[in-house]
*Asks:* 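Input: one structure, supplied below.
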2 protein chains.
Amino acid sequence: MRPKTEPLSWMRTPGTTADGPQYLALRDQMALNIEMGNLPPGAKLPSERQLQTGTGTARGTIREALFQLEAEGLIYRRDRSGWYVSPPAVTYDPTRWAGFMTYVTEQGRTPSTETLSKESAPAPSVVADIFRVAPGTPLHTIRRRRMIDGRPVLVERIIVDPALAPDLLSHSLDGSLTHILTTHYGITVARNRVDMRPCALVREAADALGAKSGTPGLLVVRTSFDTAGRVVEYDQEYWRHDAIRVHVDLNVR
Amino acid sequence: MRPKTEPLSWMRTPGTTADGPQYLALRDQMALNIEMGNLPPGAKLPSERQLQTGTGTARGTIREALFQLEAEGLIYRRDRSGWYVSPPAVTYDPTRWAGFMTYVTEQGRTPSTETLSKESAPAPSVVADIFRVAPGTPLHTIRRRRMIDGRPVLVERIIVDPALAPDLLSHSLDGSLTHILTTHYGITVARNRVDMRPCALVREAADALGAKSGTPGLLVVRTSFDTAGRVVEYDQEYWRHDAIRVHVDLNVR
DNA sequence: GAGTGGTCTAGACCACCTT
DNA sequence: AGGTGGTCTAGACCACTCA
């Protein structure tokens, strides 16, 4: 219908080179709209079928452009609700000891936490190795969802050795866990190990974040140790990829 | 044609719950093949049209499953060549001072570097601010592509102040840049700032990596300072997301 | 030149969110 | 109940890679 080798010039954002696929041109158009501030963070985009009207473009092509913007972190979707402009990311500094509640607040945003489940479950062998206990030993397992300005940005699974914090699960866990461990159990964290890698949000994590399975994410795994070298807390956090930045500043000593 | 509410049981990987879309079942099948070692790292997958044969599945659905695996970092594609199983990622530790060549070698892999361009270019105002020079001041700009075991994993743009390293561009830049700065110019790096965020590989970066625009990536920005607090080197690295892991280990002092 | 992935169309029905 | 995105089909042609 439309010649592909010579896209219509009026479809293009001014300044864009005239080559490349149509969905990238659409992407440029929408990106411009967002960056110019016509669509502020949190704003809802027109529906996919509305974006089609008049353009003669197939819905699949429109979606291709939306996926591109999603991968870039400019927009996100709420399952079966619509597409929205992403709020700015927060910065996480693994060299500081501040918890989520603290650093999100410091950046002028409003954090909140929701406990999804808490139970004492037998340790699978992988986890048992980390805690240096026998496989099957019951360990506290907590699943939480954390929000920034009401938007879910991460789900986490925290594992704590009951030997160090016996009736941890009887506390309210909707605040800072570190604070509870310090105040109620006199635990001092002396070492923190952090691993990070880009990932995809699969099923469980995606569902909990109201995202689609397969949307890009960042997996942050934190292991903290006390002064005796015992593992205090093992935490896997699945972040929406557009919600986090990592910052590390190091000086030679 | 096929009832969507009750997918055919023989299409499913044993052990998978019977709900969920068809492309996730396909994903499970393929993932199993990879994890069982039937397809070793680097192996080429059958073509999309081959994967269709006999299944009555549309090509789009097959691709959906492939995209999923790509997002998870299990497979990657070489543009218009095919889909391949991803090699293991390397681990990057921003708290160490080791360069790419060093830490890749340490992990039993073979690093290589290719200089794409080197020139002295006037500083855009954003970059000028970082180096605390007037906008338009000529700065060394180097673009490189780096490979692990022959596979391109990152492209970077490095900017260096010529005041600190006058005829840097006359050197061969296919090795360790840090080494050159230290040996030939007596520069000591005293501080390192690292920023990381998930991103999408857009046009330029994607092309240089032989990837498709929009594939997920990780952007690593490093700024190094000398003992006097001057910016020595400013480096933007665009990584394939399946090629890197970040590891930080911190002790209280 | 054969084969690959990349792009695009034009439909359809579904599950779920929203009101 | 109506609208949204999510999934799926069945084609088509293209640009490019590879042998």
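Only this structure's heavy atoms are used, side chains among them; waters, hydrogens and symmetry mates stay out. In what follows, every chain begins at residue 1, and chains take the letters A, B, ... in the order their sequences are listed.
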*Asks:* How close or far is atom C1' of C:dA15 from atom OH of B:Y23, stated in whole angstroms?
*Replies:* 13 Å
*Asks:* When we call it a touch if two heavy atoms are under 4.0 Å apart, what does B:R49 touch: a base, just sugar-phosphate, or nothing?
*Replies:* base
*Asks:* Any donor-acceptor pair under 3.5 Å linking the side chain of A:D149 with the backbone of A:T110?
*Replies:*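 Here the side-chain-to-backbone pair exists.
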*Asks:* Taking C-beta and beyond as the side chain, do B:D242 and B:Y76 meet within less than 4.5 Å on heavy atoms?
*Replies:* yes
*Asks:* Identify which nucleotide among D:dT9, D:dG6, C:dT7 has an atom closest to any side-chain atom of B:R59, counting heavy atoms from C-beta outward.
*Replies:* C:dT7
*Asks:* If the test is side chain to side chain donor-acceptor pair (under 3.5 Å), which one of B:Q236, B:E156, B:E204 qualifies with B:R143?
*Replies:* B:E204
*Asks:* Looking at B:R27 and B:E64, is any side-chain nitrogen of the basic one under 4.0 Å from a carboxylate oxygen of the acidic one?
*Replies:*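 No salt bridge links B:E64 with B:R27.
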*Asks:* Nearest to the side chain of A:R80, which nucleotide is it out of C:dT9, D:dG5, D:dT17?
*Replies:* D:dG5
*Asks:* Closest to the B:S47 side chain: C:dT4, C:dT7, D:dC8?
*Replies:* C:dT4
*Asks:* Rounding to a whole Å, what distance do you find between A:E48:CD and D:dC8:C1'?
*Replies:* 15 Å
*Asks:* Is there a side-chain contact between A:Q22 and the phosphate of C:dC8, meaning an N or O under 4.0 Å from OP1 or OP2?
*Replies:* yes
*Asks:* Starting at CH2 of A:W83 and ending at P of C:dT18, how long is that distance when rounded to a whole Å?
*Replies:* 16 Å
*Asks:* Report the distance from atom CZ of B:F67 to atom P of C:dG6, rounded to the nearest whole Å.
*Replies:* 7 Å
*Asks:* Would one find a side-chain N or O of B:S81 under 4.0 angstrom from OP1 or OP2 of D:dC18?
*Replies:*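 B:S81 to D:dC18 OP1/OP2: side-chain N or O found under 4.0 Å.
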*Asks:* Provide, to the nearest angstrom, the distance between the CD atom belonging to A:E64 and the C1' atom belonging to D:dC14.
*Replies:*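 Answer to the nearest Å: 15 Å.
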*Asks:* Is there a donor N/O on one and an acceptor N/O on the other, under 3.5 Å, for the side chain of A:R77 and the base of D:dG6?
*Replies:* no
*Asks:* In whole angstrom, give the distance that lies between atom CD of B:Q52 and atom C1' of C:dG5.
*Replies:* 12 Å
*Asks:* Whole-Å distance between D:dG5 P and A:R63 CZ?
*Replies:* 8 Å
*Asks:* In terms of the nearest nucleotide of DNA chain D, which residue is placed more toward the 5' end: B:R78 or B:G60?
*Replies:* B:G60
*Asks:* Taking CG from A:L26 and P from C:dC8, how many angstroms apart are they, rounded to a whole number?
*Replies:*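 Answer to the nearest Å: 8 Å.
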*Asks:* Of the candidate nucleotides C:dG6, C:dT9, D:dT9, which contains the atom at the shortest distance from the side chain of A:T61?
*Replies:*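 Nearest nucleotide to the side chain: C:dT9.
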*Asks:* On DNA chain C, nearest-nucleotide positions of B:K212 versus B:Q50: which is more 5'?
*Replies:* B:Q50
*Asks:* Nearest 0.5 Å please: distance from the CZ atom of B:F100 over to the CG atom of B:D235.
*Replies:*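 B:F100 CZ to B:D235 CG: 11.5 Å, rounded to 0.5 Å.
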